[in-house]
Amino acid sequence: MLVIDKVSKTFLKNKERITVLDHTSHVLQKGQLIAIQGPSGCGKTTLLLIAGGLLHPDNGNVFIDGQNLYELPFEQRADYRARKIGFVFQQYHLVPYLSVIENILVPSLMSQVSREKALQLAEHFGLGHRLYHKPGELSTGEKQRTALARALLLNPPYLLADEITGNLDHKNAEHVVAYLKEYAAKGGAVLWVTHDRQAAHYADNSFLL
Ligand SMILES: Nc1ncnc2c1ncn2[C@@H]1O[C@H](COP(=O)(O)OP(=O)(O)OP(=O)(O)O)[C@@H](O)[C@H]1O
Ligand SMILES: [Mg+2]
């Protein structure tokens, strides 16, 4: 279970205080696909980064399988994150000088996993014909699918996905969502930030931030 417990975050910019999250709480159970929606700038990415152990909240806690993430020292938290969480960034963060297949395999630097699994994921998300392209030679939707395949490589129990269908055509988006549903049905848990109007229809639960 992933618990976001009364999390608050305020950014300071040029002496202006921007309060993005104010005592926000949510629970993500294994087997669930939960959609987070809300207008641009409302704090969806901020919430996902905090839930994924990547951004320290000002107040509140995040628990993953009972472990308080921000009580762990930095290196242990990174290790815990690597085992528990697959993260798809809104800006992808692919390594520019690595090919599609090498990018998908990046998490395998920390853990034993077969190249076969990376190839299966690449095929599954329609990247089989682009394995040796670098991110600069990919369409936006191809980058998005590469980032998703990378996040899924180690079969993490929790997937935090920021806008993963935003740049996909209807057919590819449906394919990705079907995969997420299946992943949740097999016991995974997905927190899905999306502007997709159909999200509430696919998700077990959806909430507006
Ligand atoms: N490091 C930062 N410093 C200052 N302000 C920030 C910082 N990060 C985010 N913000 C501000 O916090 C607000 C929330 O940002 P966030 O990226 O969480 O929005 P979002 O809901 O994901 O939006 P979108 O749908 O456009 O991706 C925005 O107004 C943004 O300008
Ligand atoms: Mg965002």
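Excluded from the calculations below are hydrogen atoms, water molecules and symmetry mates; all remaining heavy atoms, backbone and side chain alike, are included. Index from 1, following the sequence. Both ligands and their constituent atoms are indexed starting at 1 by order of listing.
- Summarising the geometry, atom OG1 belonging to Thr45 is positioned 11.5 Å from atom CG belonging to Leu54; distances are rounded to the nearest 0.5 Å.
- With hydrogens and angles disregarded, a donor-acceptor distance shorter than 3.5 Å links the side chain of Tyr158 to the backbone of Met1.
- Considering all non-hydrogen atoms of both residues, Val88 and Ala151 come closest at CG2-CB, 3.7 Å.
- Distances below 4.0 Å separate heavy atoms of His195 from the following atoms of ligand 1: 25 (O).
- Put simply, the residue from Leu159, Ile4, Leu33, Leu47 that forms a side chain to side chain contact (heavy atoms under 4.5 Å, CB included) with Leu191 is Ile4.
- Each of the atoms 12 (O), 13 (C), 14 (C) of ligand 1 lies under 4.0 Å from some heavy atom of Val20.
- Residue-to-ligand polar distances place Ser40 within reach of ligand 1: an N/O pair is separated by less than 3.5 Å.
- Considering backbone and side-chain N/O of Thr46, one or more are found under 3.5 Å from N/O of ligand 1.
- At a distance under 4.0 Å, a protein heavy atom can be found next to atom 25 (O) of ligand 1.
- Numbered from 1 in the order shown, with element, the atoms of ligand 1 that lie under 4.0 Å from a heavy atom of Phe11 read 1 (N), 2 (C), 3 (N), 4 (C), 5 (N), 6 (C), 7 (C), 8 (N), 9 (C), 10 (N), 12 (O).
- Side-chain contact of Tyr80 with Asp65: a donor-acceptor pair under 3.5 Å is absent, judged by distance alone.
- Within the structure, every pair that satisfies the side chain to side chain donor-acceptor pair (under 3.5 Å) test and touches residues 200-209, not counting sequence neighbours, is listed here: Glu174-Tyr202.
- Of all protein atoms, those of element N, O or S that lie under 2.8 Å from the Mg ion (ligand 2) number 2.
- Nearest approach of Val106 to Arg150, heavy atoms of both residues: CB-CD, 4.4 Å.
- Within a 4.0 Å radius of atom 30 (C) of ligand 1, the protein has no heavy atom.
- Gln37 and His195 are not linked by any side-chain donor-acceptor pair at a separation below 3.5 angstrom, with hydrogens and angles left out of the test.
- The aromatic rings of Tyr70 and His56 lie tilted to each other, with the angle between the two planes from 30° to 60°.
- Here the straight-line distance linking atom OG1 of Thr165 with atom CD of Gln144 works out to 7.0 Å at 0.5 Å rounding.
- With salt bridges taken as basic N to acidic carboxylate O contacts below 4.0 Å, none links Asp79 and Lys84.
- Between Gly38 and ligand 1, not a single N/O pair is under 3.5 Å apart.
- Atoms of ligand 1 found under 4.0 Å from any heavy atom of Gln90 (numbered from 1 in listed order, with element): 27 (O).
- Considering only non-hydrogen protein atoms, atom 17 (O) of ligand 1 sits nearest to Thr45 CB, 3.6 Å.
- The closest protein non-hydrogen atom to atom 23 (O) of ligand 1 is Gly41 N, 2.8 Å.
- Within the structure, the closest approach of Cys42 to ligand 1 falls below 4.0 Å when heavy atoms are considered.
- Side-chain atoms of Lys44 come within 3.5 Å of backbone atoms of Gly38 as a donor-acceptor pair (strictly under, hydrogens ignored).
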